[in-house]
Amino acid sequence: MDNAIYTMLTRQSGLMREFSSVANNVANMATTGFKAENGVFSEYIAQIEAGSTVPGSATSLSMGRLGAHATDLSDGGLQMTGGELDMALSGEGFFQVRTPNGERLTRAGHFMLNQDRILVNPQGHTVLGTGGGEIAIPQEAGSIQVGRDGTISADGIELGRVGVFTADSITLRREGNNLWTAENIQNVEEPTIASGFLEQSNVNPVVEMARMIEVQRHYDAGQALLDIEDERIRSVARTLRQ
Amino acid sequence: MNALKIAATGMAAQQMRVDVISNNIANMSTTAYQPRVAEFADLVYQQYQTPGSLTSQTGSVVPAGIQIGMGVRPTTVSMEIVQGALSETGGDLDIAVSGRGFFEIIQPDGSSAFTRDGKFYRDADGLMVNSDGLALADQITIPNDAQRVTISQDGEVVAYFNNVTNGQTIGNISLNVFANTKGLEALGSNLYRETEASGAPINGTAGTEGIGVMRQGYLEDSGVDVVEEISELIEAQRGYELNSKIITAADEMYSATTRIR
């Protein structure tokens, strides 16, 4: 087939993926601690007629493809819930939870106690403290206070400190369920935690709508180009037949 | 193309949020109602290109990769544990709990249910029952000739008779707390049942550490904050609209695709 059609196909399939990512951002508008993701298109150069020996005559074909995704790690807005174990992180860092598949990072600070009065997230995964251990709240504890650095106390007695960790941002990978995996995890010494708040999704609906329209128009433009190309090939075939 | 399905999960999530909000608003006058809040999490990701995979022999890696999420799913609809305001009713069998405790009620099948709704009545036999006629587990029977009844902060029920100065203790109402109150299963009619997640009820006397005290003559209002619910409702409605926009756009892209000859 013709190269123009291939180039457009690459573009169209990239746009489709980009559109999926817009749809995912919008679907997660109300997901606690969700971080929006954006597509990054990169140029891919294919060498054609590689065998040519005349200098400067080697033709190459440039294609735009979806090369990577960039995660927007900026803070989401804070929503007041009043829940005594709800925590919102501001600035960098993640909470860490222990899942059956290993330790995972999360920004969703909607925590609660399980039947053994150990701090867990809504999926029941244990929330880890600064030392990597779990945090238990005794039955007789009165009202629970969470300090700005994550120290949990009741009646003036310190019960533990919620750990906040950073990781190599290059290795950050989404796992679904508000969980992330990463390597090179390190303790944050001075985290900022707002207790009684939850971090909202940082998806900006206006930006997403603008992206949606843009993707849609580009897609239409691509489609029109394909139509024209199709028409051109047809007319070539017609002309040659005569 | 996944956008249609992704947007559909988004619409379902916002729809569920509206359901939860409407139930909260419907219960804005329900005694001791705990508002519910829906929580969401992102679904699985399709890994087109894993971040950190090698791009050359020299060790350079993909900095961000391509991961496309598949939408959103609800994780929990949990109770927000809030202390509702106490409103004075003057009823001598109206009890509000100020604290975390629950009353224990015996259901018709003999099992226990728990409630914070402290609106009690006496039945034909003088037994203290709730508005559905289910008896308190503490089995308080109020004698027919009792003039009035007082309930102390720690749950002691004292009956006073005509021409007798000193009251007579006729029983004690105890309270129950749970390791994880959010783990209780709601049965409707302001009743809850213990589950694996909530842990077994811990029975105790009102007034002891962490249980709370009783206030006779008061009832606990619903914990619903209407302003908060309405602003949530607006958000949910707009979220629903935005997701439906995505569906429209995806549909248009599809139809553009089918127009290619």
Side-chain angles (χ1 to χ4, degrees), chain A residues 12 16-17 19-32 34 37 39-40 66-71 81-84 108 110 112-117 122-124 139-142 170-179 183 205 208-209 212-213 215-216 219-220 223 226-227 230, chain B residues 1-3 6-7 9-10 13-14 17 37 39-45 48-52 61-72 75-76 78 80-82 177 179-180 182-183 196-199 202 209-210 235-236 238-239 242-243 245-246 249-250 252-253 256-257 259-261:
Chain A
Q12 298 296 77
M16 280 281 192
R17 287 186 185 176
F19 193 71
S20 291
S21 115
V22 174
N24 189 52
N25 284 346
V26 173
N28 283 292
M29 261 180 61
T31 301
T32 313
F34 182 79
E37 57 181 16
V40 177
L66 188 61
H69 266 169
T71 304
T81 60
E84 58 183 5
H110 183 56
M112 49 190 78
L113 298 176
N114 68 5
Q115 70 273 27
D116 302 321
R117 294 189 69 82
Q123 282 90 42
Q139 182 65 49
E140 58 277 4
I170 278 186
T171 63
L172 267 180
R173 219 179 103 190
R174 291 168 190 267
E175 247 205 4
N177 256 332
N178 292 339
L179 301 177
E183 283 159 30
E208 297 304 328
M209 282 301 116
M212 182 191 90
I213 294 167
V215 169
Q216 207 186 344
Y219 193 84
D220 285 350
Q223 225 56 266
L226 279 175
D227 281 347
D230 174 60
Chain B
M1 183 155 144
N2 301 312
I6 295 170
T9 65
Q14 301 295 348
R17 212 165 148 204
V37 54
E39 280 286 322
F40 303 100
D42 43 356
L43 269 170
V44 290
Y45 283 80
Y48 286 100
Q49 189 176 30
T50 312
V61 293
V62 175
I66 305 177
Q67 300 177 272
I68 293 184
M70 292 292 110
V72 63
T75 48
T76 50
S78 65
E80 272 181 80
I81 309 294
V82 289
V177 288
N180 172 23
K182 290 182 180 185
E196 191 88 341
S198 69
I202 300 154
E209 197 72 28
E235 242 183 77
R238 296 291 165 242
L242 287 174
N243 278 292
K245 272 272 185 305
I246 295 277
E252 280 168 23
M253 282 168 75
T257 311
R259 279 199 305 271
I260 309 179
R261 277 160 291 179

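Lettering follows sequence order; numbering is per chain, from 1.
- Contact count versus chain A (heavy atoms, under 4.5 Å) is highest, among B:Gly69, B:Ala236, B:Gly199, B:Ala13, for B:Gly69.
- Contact annotation: the side chain of A:Val215 approaches that of B:Met253 to within less than 4.5 Å [non-hydrogen atoms, C-beta and beyond].
- Atom OG1 of B:Thr76 sits about 4.5 Å away from atom NE2 of A:His110, to the nearest 0.5 Å.
- Contact annotation for B:Ile68: both backbone and side-chain heavy atoms come within less than 4.5 Å of a heavy atom of chain A.
- In this structure, no portion of A:Glu84 lies under 4.5 Å from any heavy atom of chain B.
- For the residue pair A:Thr32 and B:Glu39, a side-chain donor N or O sits within less than 3.5 Å of a side-chain acceptor on the partner.
- Atoms CD and CG, from B:Gln67 and A:Leu172 in turn, are 9.5 Å apart once rounded to the nearest 0.5 Å.
- Across all non-hydrogen atoms, the minimal contact from B:Ala256 to A:Asp220 is CB-OD1, 3.9 Å.
- If you measure heavy-atom distances from B:Lys245 to chain A, the contacts under 4.5 Å come from both the backbone and the side chain.
- In this structure, B:Glu252 contributes its side chain and A:Gln216 its backbone to no donor-acceptor pair below 3.5 Å.
- Taking both residues in full, the closest heavy atoms of B:Glu80 and A:Thr81 are given as OE1-O, 3.2 Å, listed atom of the first, atom of the second, then distance.
- Here B:Ala179 is the residue among B:Gly10, B:Ala179, B:Gly183 with the most heavy-atom pairs under 4.5 Å with chain A.
- A donor-acceptor contact shorter than 3.5 Å is absent between the side chain of B:Asn180 and the backbone of A:Gln115.
- In plain terms, the two heavy atoms of A:Ser20 and B:Ile6 that are nearest each other are O-CD1, 3.6 Å.
- Among A:Ser21, A:Ala30, A:Pro205, the residue making the largest number of heavy-atom pairs under 4.5 Å with chain B is A:Ala30.
- In terms of heavy-atom pairs under 4.5 angstrom with chain B, the leader among A:Met112, A:Arg17, A:Gln12 is A:Arg17.
- Side-chain contact between B:Leu242 and A:Met29 is present, with at least one heavy-atom pair separated by less than 4.5 Å.
- Formation of a donor-acceptor pair under 3.5 Å by the A:Asn28 side chain with backbone atoms of B:Gly71 is found in this model.
- Between B:Phe40 and A:Asn178 the shortest heavy-atom distance is O-ND2, 3.4 Å.
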Inset, instruction - May I have the step-by-step check of side chain to side chain contact (heavy atoms under 4.5 Å, CB included) for B:Thr257 and A:Gln223, ending in yes or no? - result: CA-CA 7 Å; B:Thr257 311; A:Gln223 225 56 266; 4.1 Å; yes
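- Between B:Tyr45 and A:Glu175, the shortest heavy-atom contact is CD1-C, 4.1 Å.
- Only the backbone of B:Ser198 comes within less than 4.5 Å of a heavy atom of chain A; no side-chain atom from C-beta onward does.
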